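Below is one structure, written out as structure tokens, with a few remarks after it.
Because the structure is predicted, anything quoted here is derived from the model rather than measured. Below, chains carry the letters A, B, ... as their sequence lines are ordered, and counting in each starts from 1.
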Amino acid sequence: MTTHRLLTLLTDFGHRDVYVAVMKGVIAQIAPMLPVIDLTHEIPPQNIAAARFNLMTAYPYFPIGTVHVAVVDPGVGSSRRAIALQLQGGYLVGPDNGLLSGVLSQHPLVAAVELTNSDYWHTAAPSPTFHGRDIFAVVGAHLATGISLGQLGQAIDPASLIQLSLSAFTRVEDKISGYIQAIDRFGNLITNIPGREVEGKSWSVLVNPDTVNPKTISGQQTYTDQNSGDLIALVGSHGWVEIAVNGGNAQSRLQLSENNPIHVVINRATNDQD
Amino acid sequence: MTTHRLLTLLTDFGHRDVYVAVMKGVIAQIAPMLPVIDLTHEIPPQNIAAARFNLMTAYPYFPIGTVHVAVVDPGVGSSRRAIALQLQGGYLVGPDNGLLSGVLSQHPLVAAVELTNSDYWHTAAPSPTFHGRDIFAVVGAHLATGISLGQLGQAIDPASLIQLSLSAFTRVEDKISGYIQAIDRFGNLITNIPGREVEGKSWSVLVNPDTVNPKTISGQQTYTDQNSGDLIALVGSHGWVEIAVNGGNAQSRLQLSENNPIHVVINRATNDQD
Amino acid sequence: MTTHRLLTLLTDFGHRDVYVAVMKGVIAQIAPMLPVIDLTHEIPPQNIAAARFNLMTAYPYFPIGTVHVAVVDPGVGSSRRAIALQLQGGYLVGPDNGLLSGVLSQHPLVAAVELTNSDYWHTAAPSPTFHGRDIFAVVGAHLATGISLGQLGQAIDPASLIQLSLSAFTRVEDKISGYIQAIDRFGNLITNIPGREVEGKSWSVLVNPDTVNPKTISGQQTYTDQNSGDLIALVGSHGWVEIAVNGGNAQSRLQLSENNPIHVVINRATNDQD
């Protein structure tokens, strides 16, 4: 095939140790000129939900055919399956623990296999604690060089793939109930409410919606619509409703964390006047 | 043209999120084999001065024709301009907020444009909060593949470019007055006084020069001229007068921060004896 | 030659400054398309022992002919030698301060030179504080493009190379005495006792072996043999006996640090029953 393939890596291995480098070494043994791009290696240790969010966020921006190897794997060495998935836009390789399920929720699956063919592993006797090196990186490199999914192992039933159960947002008339699904380096609070719910509307966010005095933040177009230091709500670059502070850190300001409930209210009166 | 081009990235996006990876994804969609080198992504959030210093420091070491994409952009989504600059040695792409002005202070400008041609953007409707992905990275990739500056937008008056106003050092006879412009990971205090002012001279640094008891540190050639743990002053690898501790951390020792005033004194008597 | 070469970098320069990027810039001036892989840049400043461990750990996973440039160099600018080594599997470039001696302890040396030929440096007058940029990176790039070791400088006596003296583990009958040689991001405590000493045996680790109440941890095959939160001992992916907490951090739990003594006890009675 002529589609050019890249490989990406996402792990919770950090930058202090050489775990990531070792994965790149075994990849280079198979495909020395293959471009490898780091998604992030600073997923909090064993935090599958954060890994799922970040992989889902990055996936749409890569070329067709890119192979994404993702390893946040608290169950390494247990009976959890090692899998590879072919989607319409690319490939995913990693443990079957819900990490890949965010991308799957947004992009159609073509085929799924369990990685049972050790011919495509670094060694037929992989370390019980480092499948990133001995299975996932190597399988990813083989996929990127054109090996087909079917050569890697047994086909599995897509319905059997582990889903990370995140509750969806709910909408009742003009009130949308969601929660904070991620917080970035800048302290921006990223909700699970898609921007399309508020596009072209006048809207507000309610923080601590279930308390006596919820805080209201009005929806804006961009960071600089408000004075520096003001709290704002906007549709962030990921496509989700976000809470931010212009020139500051919303997480520090509001002392909220992941899973905190958030409401979005569509201001019907105002919108009706449009 | 036959000049080989690289692309570099400098941001304040950190390593925890996938913002940088997403920029690399959109670059790879245009130029999958283009080598991309990270300058740094650990600029303190929205610190334009630190970004300016680091870009200026790295620039001279890259091949002719390298495209540097730099995004520290507190004004994203406002009326600040997005620009690309052609210098004699390479290209700069980023917001017009002073970030690029350090390189400009040391290397002649050939041409400047505002990025107004959305044909070379990721999308004609860029996210108001992530021009790094939707404009700068993509424009940089196009430049690296040979698109000319003039295709990217309207020429602008170089005199209109935003300069980050850093006060220069001043010299009155044998006393040079400057300040700390950057502090590195090792706690080395990097002043804005060029090494050429002290080369071949006997010299000293005065710390806290405006206090009753300024501290004097004598100028040296290298870290190991002194005993481990001693404070030393020397011309650092960036070409600026630096204060360091051999085997230790000068910032912790002296409790100084960026913008602290520093004097260099040329020891005329000693030098006359040479 | 037809062997494909990569270059890796290991430093204590961190990710905040552009020191690493500058090394990549000068490498790109010599070999723009040469793949460069970061081993780690988060070695604690000037910690030669940690650098030695990480380089030794990563080395075996890279393709034959890879050039490893390692710069943790507290003696930069002093009389310590700059060296390049050819091993059967690859090349090492760095200061002669013990940093390279871990790899040397496990892989046969073919040739060693002192880097005295400034034709292969960035400049004949290198900065006294940044040989990483002015000597090591550039020499590494030349090696990766096929320059032979002999062109880089004078051959030196292998017996003269600085060894970092780490005490070896000792074994007396069924008791093996070692210590913690490294701690990774996950808080796993990596000893200097090779896994081959316990393979196929029933065994335990004694923590604080010289105290009145040493703690005993039984040896396991993988993280998930035990309940989450339990302390376990196992042979880690590096091939050394490790102490870990399933789903947690052994360093925090045990409050141990590098160089803490550790005993491994082979349970003869149990093994005899096998």
Option among D184(C), D38(C), L39(C) that satisfies the side chain to side chain contact (heavy atoms under 4.5 Å, CB included) test with V18(A): L39(C)

Under the ring-ring contact (aromatic ring centres under 6.0 Å, His included) test, which residues partner F62(C), sequence neighbours left out? H68(C)

Contacting moiety of P60(C), where chain A heavy atoms sit under 4.5 Å: backbone

Measure the shortest side-chain to side-chain distance between T40(C) and D17(A) over non-hydrogen atoms and say whether it is less than 4.5 angstrom. no

Is the backbone of D12(A) close enough, under 3.5 Å, to the side chain of R185(C) for a donor and an acceptor to pair up by distance? yes

Under 4.5 Å from a heavy atom of chain A, the part of I183(C) involved: both

Heavy-atom closest pair, residues R16(A) and E42(C): CA-CB, 3.8 Å

Mind checking whether Y61(C) and H122(A) have side chains closer than 4.5 Å, heavy atoms only? yes

What are the two closest heavy atoms between P32(A) and P35(C), and how far apart are they? O-CG, 3.9 Å

Of the listed V26(A), D134(A), V20(A), I30(A), the one with the largest count of heavy-atom pairs under 4.5 Å with chain C is V26(A)

Can you measure from CE (M33(A)) to CG (L6(C)) and round to the nearest 0.5 angstrom? 8.5 Å

H15(A) and H41(C): aromatic ring centres closer than 6.0 Å? no

To the nearest 0.5 Å, how far apart are CG in L234(C) and OG in S127(A)? 8.0 Å

Aromatic plane relationship, F186(C) with F13(A) - under 30° parallel, 30 to 60° tilted, over 60° perpendicular: perpendicular

Can you confirm whether Q154(A) is buried at CD, in the sense that more than 12 heavy atoms of other residues, nucleotides or ligands lie under 6.0 Å from that atom? no

